Protein chains: 2
Amino acid sequence: MTQSRPVYLKLRDQIAAAIIQGEYPEGKMLPSVRALAAEQGANPLTVAKAYQQFQNDGLVEVQRGVGMYVVEGAATQLREREKQHFLQEEWPEIRARMNRLGLDPADLVECT
Amino acid sequence: MTQSRPVYLKLRDQIAAAIIQGEYPEGKMLPSVRALAAEQGANPLTVAKAYQQFQNDGLVEVQRGVGMYVVEGAATQLREREKQHFLQEEWPEIRARMNRLGLDPADLVECT
DNA sequence: CTCGCTGTATTATGGCACTGATGCACTTAG
DNA sequence: CTAAGTGCATCAGTGCCATAATACAGCGAG
């Protein structure tokens, strides 16, 4: 019945967007796994798994017993990384798909 | 490490693309589950599962003991269906993402 | 009719991703 | 020191995916 994307991936994207948009400011602590889990109605471990990738990428810093902090420059770094991935991986695929469906990219730019 | 999409979904997309582009012409028989399974290195049942959805959507017709045939008008119907899904489900998300990343859609239309 | 091809149903099995509950190590406020 | 908060490791459960080995039913050529 879990037809949608995994919860931890949704959370990951959501957190990434929050960091990029400054909702989780650099240098500040982001919600604890338990807090975010309660807020999102998820399991703390699932939240932890979502946070994990940001640790591996060095975008957040862990202080055991204290919390996790957003590294300085994480926002722009994250934005650049996602931009790169979007342009190199996703956009070509999207273009090919639109072409196959007979859609003109120029037309879609206008629709809000 | 979210492994790649399930095999039967990949096959489904691949077959859909083939029908849209006329590689599997309307009225003609498409590869048997065993043949496509051998060609793709997959299990016949996995191929059957990929074919299943096209049957449910009435895009292919089964003649027991003979094979499965592409229904007349399946290509355009499939293209319209995917176009609808793309415009209503995927494109808004893509637009929001590009906006969040600071990418201008107009710029991307030109690249290639 | 016989043989070979079609799709389909059945059952079983292994693997893996996702989620969850519990407990531990650590830091800080009091 | 105590208590409450942090992240994290371990183990278990669940469900989907893919595979396999058969067996069956329908059609067509020889």
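Quick note: numbers below take in every heavy atom, side chains included, and nothing from hydrogens, waters or symmetry partners. Remember, it's a predicted structure, so these values are computed and weren't measured experimentally.
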message: Just the rounded figure in Å: distance from P of C/dC5 to CE of B/M29.
response: 12 Å
task: May I ask you to decide if B/V62's main-chain N or O and B/Q55's side chain share a donor-acceptor pair within less than 3.5 Å?
output: no
statement: Output for pair (A/L78 CG, A/I20 CD1), nearest 0.5 Å, gives 4.5 Å
query: So, do B/R12 and B/Y8 sit near enough that their side-chain heavy atoms are less than 4.5 Å apart?
result: no
- prompt: What is the distance, rounded to the nearest whole Å, between atom OH of A/Y51 and atom P of D/dT6?
  reply: 11 Å
- prompt: C/dC18 phosphate, OP1 or OP2: any side-chain N/O from A/T46 under 4.0 angstrom?
  reply: no
message: Please confirm whether the shortest side-chain N or O distance from A/N43 to OP1 or OP2 of C/dT19 is below 4.0 Å.
response: no
- prompt: Hey, does the side chain of A/S32 come within less than 4.0 Å of D/dG5's phosphate (OP1/OP2), counting only N and O?
  reply: no
query: Rounded to the nearest Å, what distance is computed from the CZ atom of residue B/R5 to the P atom of nucleotide D/dC16?
result: 18 Å
query: Rounded to the nearest Å, what distance is computed from the CD atom of residue A/Q53 to the C1' atom of nucleotide C/dA17?
result: 15 Å
Residue of the set A/L11, A/I15, A/L59, A/V60 for which side chain to side chain contact (heavy atoms under 4.5 Å, CB included) holds with A/Y51: A/I15
message: Need one value for A/Q55: base, sugar-phosphate or nothing, where a base atom within 4.0 Å counts as base even if backbone is also close, heavy atoms only.
response: sugar-phosphate
- line: Closest to the 5' end of DNA chain D, once A/L45 and A/M68 are matched to their nearest nucleotides, is A/M68
task: Looking only at side-chain atoms of A/P6, point me to the closest of C/dT28, D/dC17, C/dC18.
output: C/dC18
message: What is the distance, to the nearest angstrom, from the CG atom on B/L11 to the C1' atom on D/dC17?
response: 13 Å
task: Using whole Å, report how far CZ of A/F54 lies from P of D/dG7.
output: 15 Å
- request: Taking atom CD of A/E61 as the centre, report whether more than 12 heavy atoms of other residues, nucleotides or ligands fall under 6.0 Å from it.
  value: no
query: Under 4.0 angstrom, heavy atoms only, what part of the nucleic acid is B/Y8 near: base, sugar-phosphate, or nothing?
result: sugar-phosphate
query: Taking the nucleotide of DNA chain C with the closest heavy atom to each, which residue, A/Q63 or A/K49, is nearer the 5' end?
result: A/K49
- request: Report yes if a donor N or O on one partner sits less than 3.5 Å from an acceptor N or O on the other, where the partners are the side chain of A/R34 and the base of D/dG5; otherwise report no.
  value: no
query: Which of the following nucleotides, D/dG7, D/dA25, C/dT19, is nearest to the side chain of A/R64?
result: D/dG7
statement: Separation of C/dT19 atom C1' from A/L9 atom CG, nearest Å, is 13 Å
